[in-house]
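Have a look at the structure below before the remarks.
In the text below, chain A, chain B and the rest are named by the order of the sequence lines, each starting its count at 1.
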Number of protein chains: 2
Amino acid sequence: MRRLLIVNHMVECYVRRMNALDSTFAALSHEARRAILARLADGETRLSDLAGPFAMSQTAVSKHVRVLSDAGLVTVEQRGRSRYCRLNAAPMKDASEWLSDYEAFWGQQFDNLARYLADNGD
Amino acid sequence: MRRLLIVNHMVECYVRRMNALDSTFAALSHEARRAILARLADGETRLSDLAGPFAMSQTAVSKHVRVLSDAGLVTVEQRGRSRYCRLNAAPMKDASEWLSDYEAFWGQQFDNLARYLADNGD
DNA sequence: TTGATAGTGAACCATCTGGTTGACTAATGC
DNA sequence: GCATTAGTCAACCAGATGGTTCACTATCAA
């Protein structure tokens with residue numbers, strides 16, 4: 001049993017890592033999903049409790065959780081009739097490291113406009 | 001002329017900021033667009049030179065650049081018959097700051113599996 | 001002037017996304 | 001046993017995405 005769980009987990013990780021950054025960034029690109037992650041940062045939460053604050057059906061929230069789960073950002077565990085969702089921030093680390101490669105360019109945010117104006121202004 | 005450019009820039013920024021993180025993360029969620037950004041980190045590049053290494057039409061690359069441009073990650077400037085693309089990493093800073101809120105959780109990547117196995121294993 | 005180059009726009013296509021509703025399964029509590 | 005609660009699944013929908021091809025405009029160079 002334990003071995004099967006580990007193998008399943010490894011297979012899922014392998015498939016996901018093929019384009020892990022794709023699915024991580026895609027999962028983060030929706031306001032509702034970022035809100036779900038923020039909520040889970042406070043601790044494990046049942047799916048139905050997650051759905052509460054949102055103006056959408058529980059089915060829709062369930063789909064969002066599925067997207068987060070496929071991206072490895074959330075783990076879901078069935079206990080009784082409830083599904084408990086837990087934050088798994090590991091994929092965020094890779095995303096953050098990818099972004100940090102561009103840190104040197106963050107200070108230049110107005111350079112492009114300034115240069116364009118210098119060339120074309122008035 | 002200068003004033004018009006600045007107003008246009010402000011309007012574009014305002015509209016974009018409405019869901020800036022959405023469009024930033026969405027723009028970053030495609031391998032080809034991340035490759036384009038990596039290329040632009042080496043300096044300004046013509047659109048046709050960007051298209052070279054990709055196994056897709058120039059039209060498709062043009063569409064990717066449009067997505068990056070709409071997200072404010074790239075500025076495009078027409079000079080002669082060429083379009084010069086330049087990296088604008090400013091939106092990445094916001095994305096990175098959002099991610100850094102979860103930095104405290106990055107160390108827990110195997111906790112969930114371990115806990116699950118402890119509860120259900122064998 | 002003529003031809004090559006850079007790039008967009010329009011039309012089309014398949015697939016994905018984000019949402020709905022309604023029927024269904026499974027666990028819980030009385 | 002029976003009603004309630006938690007949640008998924010299937011079907012459906014509108015719109016976005018990612019790609020193509022073809023026609024077109026505009027610039028450059030001989």
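- Side chains of A:Phe105 and B:Met92 form no contact here, defined as non-hydrogen atoms less than 4.5 Å apart.
- As rounded to whole Å, 12 Å separates atom P of D:dC9 from atom CG of A:Leu47.
- With C:dG7, D:dA6, D:dC22 as the choices, the nucleotide that has an atom nearest any side-chain atom of B:Thr59 turns out to be D:dC22.
- In this entry the distance linking CZ of B:Phe25 with P of D:dT17 reads 17 Å, nearest Å.
- Remark: B:His64 is in phosphate contact with D:dG19, judged by side-chain N or O atoms under 4.0 Å from OP1 or OP2.
- Listed pair A:Ser57 / C:dT20 meets the phosphate criterion, a side-chain N or O lying under 4.0 Å from OP1 or OP2.
- No side-chain heavy atom of A:Leu28 sits under 4.5 Å from any side-chain heavy atom of B:Leu28.
- Phosphate contact (OP1/OP2 of D:dT8, side-chain N/O of A:Arg66, threshold under 4.0 Å): absent.
- Of the possible donor and acceptor atoms, one in the side chain of A:Thr24 sits under 3.5 Å from a partner among the backbone N and O of A:Ala20.
- Between the OH atom of B:Tyr84 and the P atom of D:dT27 there is a distance of 14 Å, rounded to whole Å.
- Regarding contacts with the backbone of D:dG19, a side-chain N or O of B:His30 is found under 4.0 angstrom from either OP1 or OP2.
- When the side-chain nitrogen and oxygen atoms of A:Ser48 are compared with OP1 and OP2 of D:dG7, one or more of them lie within a distance under 4.0 Å.
- In this entry the distance linking CG of B:Asn19 with C1' of C:dT17 reads 15 Å, nearest Å.
- Taking 3.5 Å as the limit, the base of D:dA6 and the side chain of A:Arg81 contain no donor-acceptor pair of atoms between them.
- Put simply, B:Arg46 has a side-chain N or O that comes within less than 4.0 Å of OP1 or OP2 on C:dA6.
- For the pair A:Gly80 and A:Ala26, nearest-nucleotide mapping onto DNA chain C gives the more 5' position to A:Ala26.
- Rounded to an integer number of Å, the gap from A:Lys63 NZ to C:dC16 C1' is 11 Å.
- Atom CG of B:Leu50 is separated from atom P of C:dT8 by 11 Å (rounded to the nearest Å).
- Side-chain contact check for A:Val74 versus A:Leu37: some heavy-atom pair is nearer than 4.5 Å.
- The listed nucleotides are C:dG19, D:dT8, D:dG19; the one nearest the side chain of A:Met56 is C:dG19.
- OP1 or OP2 of C:dT8 sits under 4.0 Å from a side-chain N or O of B:Ser62.
- Per the geometry, CZ belonging to A:Arg83 stands 13 Å off P belonging to C:dA26, to the nearest Å.
- Distance, B:Gln58 CD to C:dT8 P: 7 Å, rounded to whole Å.
- Residue B:Arg79 places no side-chain N or O under 4.0 Å from the OP1 or OP2 atom of D:dT27.
- In this structure, A:Leu50 and A:His64 have side chains that are not in contact, with every pair of non-hydrogen atoms separated by 4.5 Å or more.
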